[in-house]
Every structure is written in structure tokens, then in C-alpha cells.
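Only a predicted model underlies this, so the values are computations on that prediction, with no experimental measurement involved. Numbers restart at 1 for each chain; the letters A, B, ... are given by sequence-line order, proteins then strands.
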There are 2 protein chains.
Amino acid sequence: MSASSDRPRGLHSSVLDALGSRIVAGELAPGQVLTLDRVDTEYGVSRSVSREAIRVLESMGLVAARRRVGVTVQPRETWNVFDPRVIRWRLDGADRSNQLLSLSELRMGFEPVAAALAAQRATPEQCGVLAAAVSDMVVHGTSGDLESYLDADTVFHRTLLEASGNEMLRALGGVVEEVLAGRTHHHLMPSSPNPDAIALHETVARAVRLRDPATARDAMRRIIDEAADAMREQFAEE
Amino acid sequence: MSASSDRPRGLHSSVLDALGSRIVAGELAPGQVLTLDRVDTEYGVSRSVSREAIRVLESMGLVAARRRVGVTVQPRETWNVFDPRVIRWRLDGADRSNQLLSLSELRMGFEPVAAALAAQRATPEQCGVLAAAVSDMVVHGTSGDLESYLDADTVFHRTLLEASGNEMLRALGGVVEEVLAGRTHHHLMPSSPNPDAIALHETVARAVRLRDPATARDAMRRIIDEAADAMREQFAEE
DNA sequence: CAACAAGATAAATCAGACTAATTGTGACCC
DNA sequence: GGGTCACAATTAGTCTGATTTATCTTGTTG
């Protein structure tokens, strides 16, 4: 199990999770107003915990609190769509396909750049981790063990983003991880991984080791393309 | 003035801002522990407001609260570096140059992709806005009015990201805006904008209108390259 | 020395009162 | 009839203090 739900750490966190899910699912529509009193009684908690939950939701742009009117749910345009919790709520809910397609287009942007940067900056150690991850992908890809394959894939992408030496690219590792996990756990993966995809991963790893940014970038671009295509195919089958 | 500081909306927000700035500035170093009592007395506020501020900081990954220990400042790796407030704190503080370079590398990833997508999806209206923005850039670029030039530049990039039709790319509009504003307000711009840069903007606008993704993407890539180079030059002069 | 028990500490939660901002309403005047 | 102004209702914001719970430290005991 690869870190899906964080620990429920506290009452406040549960309320936050519940309200957040309901908002991104559209059950609480934009414009709708809640009052703190209502939240208290509905979830059976004291005001401090509901206040703190609302405060965090506000900081994510999901709601806005105004005196004398209450807490109004905000439209999607104001959400912090990069907040890991927002991403997870959307991936877990009805908005999953939209979220996955958005994220794929986004990955098409930054992962090739990260690959190129990694080809200039990766340490020998990181090159080793990449090679090992590819090797694991080969093994578990042919054996059909999707969960282990996912682990190796995750290590590969996370290491590559870290090797880019750019903290913001590294921060997107969490996003990629969610995409990969969501894709396999929601059965948007082919039952056995595409051998071409594995070969491309190896190309990237080698290009990084050989300090060849252009090749790394192009191969990574093809990886994302392939993944998006495969996902679209699985969508079509549903 | 282009929306720099949000309204101070409440006591809690001031404490949040103060603590957040101090953390990203490194004045409160990772590992250091605060207690809620200390925060109360130091800022002269009640527990509820300090609790809510801490809660939001926790949701941004800047601190972690544990019973019997207190609130410990977290290392940079766990920060939500895409949170608009974190970005602004870093741009306003001592970490400005690092943040700007990170953001430039990031832009190199997603803006070309956004340009390519915009070339497939932009509405005629958006094409018009892009053309108008370029025209404004020409006027204010030659007249040397940097502030108006900034406004036009901002409109251009924001419109392009919106035209990509991808909500996550659009959400990065705020980031780009901060970069552009930070660059001119902190005098990292040449005193008069590079004519080549303006020409490239026009190329992008035309390519989008003519539905030519490849050209749009390449021109946009050159825009970011030019901007990064110019910024590095200004850094060197300091 | 290990295992376990008691105490201390600080966040987490609860409860209730008071403050302040904002919105709606109705009286009043022109 | 319409515009203005004062007042009342409403709801988030702030304050206070008590209680609960998790966790770390320390000391005791076998």
C-alpha cells in the first residue's frame, strides 16, 4: 500500500476531509452557503474544530467566509488545484477522469523539462536508482505484478524529478505519484504494461546517465504521450 | 498596481502572514519549535486565532503540530511550494532570486505546452485579446513605460494560459503573474524591453490564431529562454 | 537492565460569552 | 413613489477558561 490516505490525525481533519470531498464532488455546489452552526451540529463537533476546518478550506480557495452571510462554496476557478488534498479528493470522487486528463496534459509540460535538467544535474547515485527502477519495471512488468510495477514506476519518476535539482519540479512528484496510483487502482492501466513504455523509461535513464538532455526530453515526452493514449483507450472501454 | 497584497482580512490573517514570512525567510529555522502559548502572547492574540493560523500553516506544510512537543517548523521539502502565499512570501523575502530561477525553469515546462494547446483551442475572442496585448507591448515597450508594459505582458500570458483550456495550466497564471511583477518591481528587467521578445510574443499570437501548435510552442520556448537569460544578466550586474 | 508505572507537558477539544461587521428592513422625508 | 437613513437581526470573529487526550520523561521495581 503506497500512502493513499494520510492518518486521520484528529477530529478537525475528518471534518475537513468530509467537507472537501463533498465540495469537489459538486454535492455542495458553488454559491451554496453553510453556516458554522450547521457544520457543528451536522458533524457533532465543537466550534473550534469546525472553524479550523473551514479556515483550511478557505485557504485552499474552496470556500469564502463573510460575516452575516455565512460560508459560501466557491467556484472551481478559485480553487488551489495544486493542493495535494484537492487533487486526491478529485481523484477519489466523480471528477476523476477530468482530473486525470488535466494532470496528463500538465505532465506533458514539466516532465520532459525535468528529464532534460536531470540529464545535466543528476548525481551518479541518482542514475543508479533510475537504472534499478527500470530493471524492477522490467521484472514486474513481465510477471504481471501491477502493484510492484507501480512502485518501481513511482520511484523512477520521483527520482527523476528530484534529480532535476528544481524544488518546484520535485514538489510535483506528489502529483505524479497520485496520477500513477490513481491510474492503476482505478483500473485505467492495461492488464500488462506496454513493453514500449518500459523501453522508453530505459532510454531516459540511459540518456540521463550519458548527459544527453535532448534525448532524455524526447523520450520522456513519448512516455507521457503513451500513458495518455493508454488511459484514453481504457476510458473508451468503460 | 497589480494586486500585490491581499486585504488583511482579520487578525488571524496577520498572524499567518507574519509567521509565514518568518519561516520562509529562515528566521524560524526548520526543527525549531513554537508553542501556541508563545504565539498567543508574542502577537497578543487569543488562542483561537493563533490556532487557526497554525492550522493553515500546517496545511501548507510549513509546520507540524504534535502533542506534548509543540509546533515544529518543517524543512523546505515538505512545503506546498505552489501555494500562492508561499510564493509571494518567498518573492518578498531574502529567497527571491532562488524562487525566481526555480519559477523560470518551471515556466519553461508548462508555458510552451500551454501555447500549443491554446493553438488548438483558443476562441476568436481570446485571439483578439492576445493581439491587443501584443500591440500594447509594442507601444509601451518603445515608450519605455515599464509598468504599462508589465500590464500588457501579464494579460498576454494569462490569456494564453486560459486559452489552453486546462484548468491546472490556468491556475499557474497566478504564478506567472508573480514572476513578471517580481521581475520588474525588483529591477531585474532591462530598462527597455528586448524588441526580439516582443516579436516572439507576436509570433505566438499569430500562430495561435492560425492554429499552428508547433510554431506557438517553439516561439514560447524562446520567450522563456530570453527572459531567463535577461534575468541572469541583471543578476550578474548586481 | 528491562519493563512498567506515574507524572508532566502541550496540543486537541469543548462550552459559552461577547464583539464587530454587514445586510435587510422599515420608517421617514422629499 | 422613490431615495435616504437609522435600527435590528444575523453570522463570522475573537476571547476566555476548563477539560481531555496523546506523548515524552523520569523513576521505580523486578
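Counting 5' to 3', DNA chain D first comes under 4.0 angstrom of a heavy atom of chain A and last does so at the ends given by dA9(D) to dT14(D).
Side chain to side chain, E162(A) and S164(A) fail the donor-acceptor criterion of an N or O pair below 3.5 Å. Checking Q99(A) against S97(A) by side-chain atom types alone, no donor-acceptor pair falls below 3.5 Å.
A heavy atom closer than 4.0 Å to some atom of DNA chain C occurs in no member of residues 32-43 of chain A.
Of the possible polar contacts, none joining the W79(A) side chain to the A171(B) backbone as a donor-acceptor pair under 3.5 Å is found. In this structure, T154(B) contributes its side chain and L150(B) its backbone to a donor-acceptor pair below 3.5 Å. Between the N80(B) side chain and the D83(B) main chain, no donor and acceptor come within less than 3.5 Å of each other. The closest donor-acceptor contact from the side chain of S104(B) to the backbone of L100(B) lies under 3.5 Å.
The ring-ring contact (aromatic ring centres under 6.0 Å, His included) analysis of residues 143-178 of chain B, with sequence neighbours excluded, yields the pairs F156(B)-H201(B), H157(B)-H201(B).
The two atoms that bring S21(B) and D17(B) nearest to each other are OG-O, 2.7 Å, heavy atoms only. Q74(A) and T72(A) make their closest contact through OE1-OG1, 3.1 Å (heavy atoms, listed as atom of the first residue, atom of the second, distance).
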Collect all protein-nucleotide pairs involving nucleotides 14-18 of chain C in which both atoms are nitrogen or oxygen and the distance is under 3.5 Å.
{"from": "dC14(C)", "atom 1": "OP2", "to": "S46(A)", "atom 2": "N", "distance (Å)": "2.9"}
{"from": "dC14(C)", "atom 1": "OP2", "to": "S46(A)", "atom 2": "OG", "distance (Å)": "3.3"}
{"from": "dA17(C)", "atom 1": "N6", "to": "R47(A)", "atom 2": "NH2", "distance (Å)": "2.8"}

Can you give me every donor-acceptor pair (side chain of residues 32-40 of chain B, partner residue at least two apart or in another chain, under 3.5 Å) with its distance?
{"from": "Q32(B)", "atom 1": "OE1", "to": "A29(B)", "atom 2": "N", "distance (Å)": "3.2"}
{"from": "T35(B)", "atom 1": "OG1", "to": "R38(B)", "atom 2": "N", "distance (Å)": "3.2"}
{"from": "D40(B)", "atom 1": "OD1", "to": "S50(B)", "atom 2": "OG", "distance (Å)": "2.5"}

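Separating the CD atom in E58(A) from the CD1 atom in I54(A) is a distance of 9.0 Å, to the nearest 0.5 Å. The CG atom of D153(A) sits 7.0 Å away from atom CE of M189(A), with the distance rounded to the nearest 0.5 Å.
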Heavy atoms under 4.0 Å is the rule here; annotate nucleotides 22-27 of chain C 5' to 3' with B where the base is hit, S where only the sugar-phosphate is, and - elsewhere. BBS---
